[in-house]
Amino acid sequence: MTGARLLRGAAGAAGFLVVGELVIRFGISDGLVFPAPSTILYEAVRLPADPQFLAGVATTMANWALGLLIAIVVAVPLGVLLGAVPSLERTVRPILEFMRPIPSVAIIPLAILLISMEQMMKVSVIVYASLWPILLNTLYGMHDVDPVAKESLRSFGFGKLSVLIRVSLPSAAPFVMTGVRIAAGIALVLAVSAELLAGGVSGIGVFVGTAGSGNRVDLVMAATVWAGLLGVLANMLLLAGERRLFHWHKVRTGAQS
């Protein structure tokens, strides 16, 4: 089933590229605003040989990984704590619901004003954006814990901490992993967006901004293609890890549905 979906997706992408190419070749569009797909793909293939672009990719991915890691370290324990203490969650929930809908990109100008260090500013924005999906999915996972399993352990004399470690955390783990996977995509978007808006020495966003200033739309689109491919690759790796580690959760939810 997965293979069929991949084939359909590849066929759709190929069809889109062919239509775009025909639009340029038949003179329907002059190709000045949006280059031909063949031109974009040619530049995308050449970019890995560009040291400046590779340095930018390394910078972006380093900020991405650091921001995502900090978000995990903060959001998971906080989500477990709020999920384990309902009264605390009820107290904090209005604040979470107020802050969660704020577009993460909108805080980049504020972060530029408040944080003078370039990397710290960009990582802080990534952490803020990544925090919410991980925190909320951790909360949902804590709420989804089977109450019968918890009561069974309590009836055998296990305390609250033992029940949390033996039942709640393993049950919530698949939800946490899903939150991390969602946050990974958001983190990459914010990493590139922060580089575009704030500039800097290196980064995919910096490369795109420089190419745009030089009116190299082909390079802008080629770098964007690579940013998308990196996001797809990260999602595929995390999804494969999620399925491998928590295959039992897929089976359980599938049986229930």
Should V232 and I182 be counted in the same cluster of Ile, Leu, Val, Met, Phe, Trp and Tyr side chains packed under 4.5 Å apart?
no
Between Y128 and M99, the two heavy atoms sitting closest are OH-O, 3.2 Å
I want to check something: taking the side chain as every heavy atom from C-beta on, are H143 and E89 in contact at a cut-off of under 4.5 Å?
yes
Does some side-chain heavy atom of N137 sit less than 4.5 Å from a side-chain heavy atom of V176?
no
Going from OG1 on T210 to CG on L196, what distance comes out if it is rounded to the nearest 0.5 angstrom?
9.5 Å
Taking C-beta and beyond as the side chain, do I112 and K122 meet within less than 4.5 Å on heavy atoms?
no
Criterion side chain to side chain contact (heavy atoms under 4.5 Å, CB included) on S193 and V189, from CA distance to verdict
CA-CA 6 Å; S193 299; V189 171; 4.0 Å; yes
Within one Ile-Leu-Val-Met-Phe-Trp-Tyr cluster: L197 and M120, side-chain cutoff 4.5 Å:
yes
Do I95 and F98 have side chains that get closer than 4.5 Å, going by heavy atoms?
no
I'd like to know whether V217 forms a side chain to side chain contact (heavy atoms under 4.5 Å, CB included) with M221, so could you lay out the CA-CA distance, the side-chain angles of the two residues, the decisive distance to 0.1 Å, and finally the verdict.
CA-CA 6 Å; V217 184; M221 298 307 300; 4.2 Å; yes
Quick check on the hydrophobic clustering: are I204 and I40 connected, directly or via other members, by side-chain heavy-atom contacts under 4.5 Å?
yes
Separation of M142 CE from S171 OG (nearest 0.5 Å)
9.0 Å
Quick check: does any side chain N or O of W226 sit under 3.5 Å from a backbone N or O of A222, one acting as donor and the other as acceptor?
no
What heavy-atom pair brings T60 and A191 nearest, and what distance separates the two atoms?
CG2-CB, 4.0 Å
The single option from I72, I70, L69, V73 passing side chain to side chain contact (heavy atoms under 4.5 Å, CB included) against V127:
I70
Side-chain heavy atoms under 4.5 angstrom apart, residues restricted to Ile, Leu, Val, Met, Phe, Trp, Tyr: same cluster for I108 and M117?
yes
Do L47 and L230 land in one hydrophobic cluster if side-chain heavy atoms of ILVMFWY residues count as linked below 4.5 Å?
yes
Ignoring hydrogens, what is the shortest heavy-atom contact between S104 and V125? Give both atom names and the distance.
O-CG1, 4.4 Å
Stepwise side chain to side chain contact (heavy atoms under 4.5 Å, CB included) check, L131 with L78
CA-CA 10 Å; L131 194 73; L78 181 58; 5.7 Å; no
Backbone of V76 reached by a side-chain donor or acceptor of T138 within 3.5 Å
no
4.5 Å side-chain heavy-atom contact, F53 and L219:
no
Between L82 and L96, is there a side-chain heavy-atom distance shorter than 4.5 Å?
yes
If we ignore hydrogens and angles and just use 3.5 Å, is the side chain of N235 paired with the main-chain N or O of G231 as donor and acceptor?
no
If you define the side chain from C-beta out and look only at heavy atoms, does anything of P174 sit under 4.5 Å from T178?
no
Heavy atoms only: give me the nearest A198-M121 pair and the separation to one decimal.
CB-CE, 3.3 Å
Within the structure provided, determine whether L190 and W64 are in side-chain contact (heavy-atom separation under 4.5 Å).
no
Result of checking V57, N63, T59 against M61 for side chain to side chain contact (heavy atoms under 4.5 Å, CB included):
V57
D50 vs L54, test: side chain to side chain contact (heavy atoms under 4.5 Å, CB included). Steps then yes/no.
CA-CA 6 Å; D50 186 339; L54 289 180; over 6 Å; no
More than 12 non-hydrogen atoms from neighbouring residues, nucleotides or ligands closer than 6.0 Å to CZ on R100, yes or no?
yes
I'd like to know whether CD of Q119 has more than 12 heavy-atom contacts from other residues, nucleotides or ligands below 6.0 angstrom.
no
Drop me the distance from I107's CD1 to L113's CG, to the nearest 0.5 angstrom.
12.0 Å
Heavy-atom pair with the smallest gap, counting every atom of L68 and A183:
CD1-CB, 3.9 Å
Heavy-atom closest pair (L188 atom, A227 atom, distance to 0.1 Å) is CD2-O, 3.6 Å
OG-CG distance between S130 and L135, expressed to the nearest 0.5 angstrom:
12.0 Å
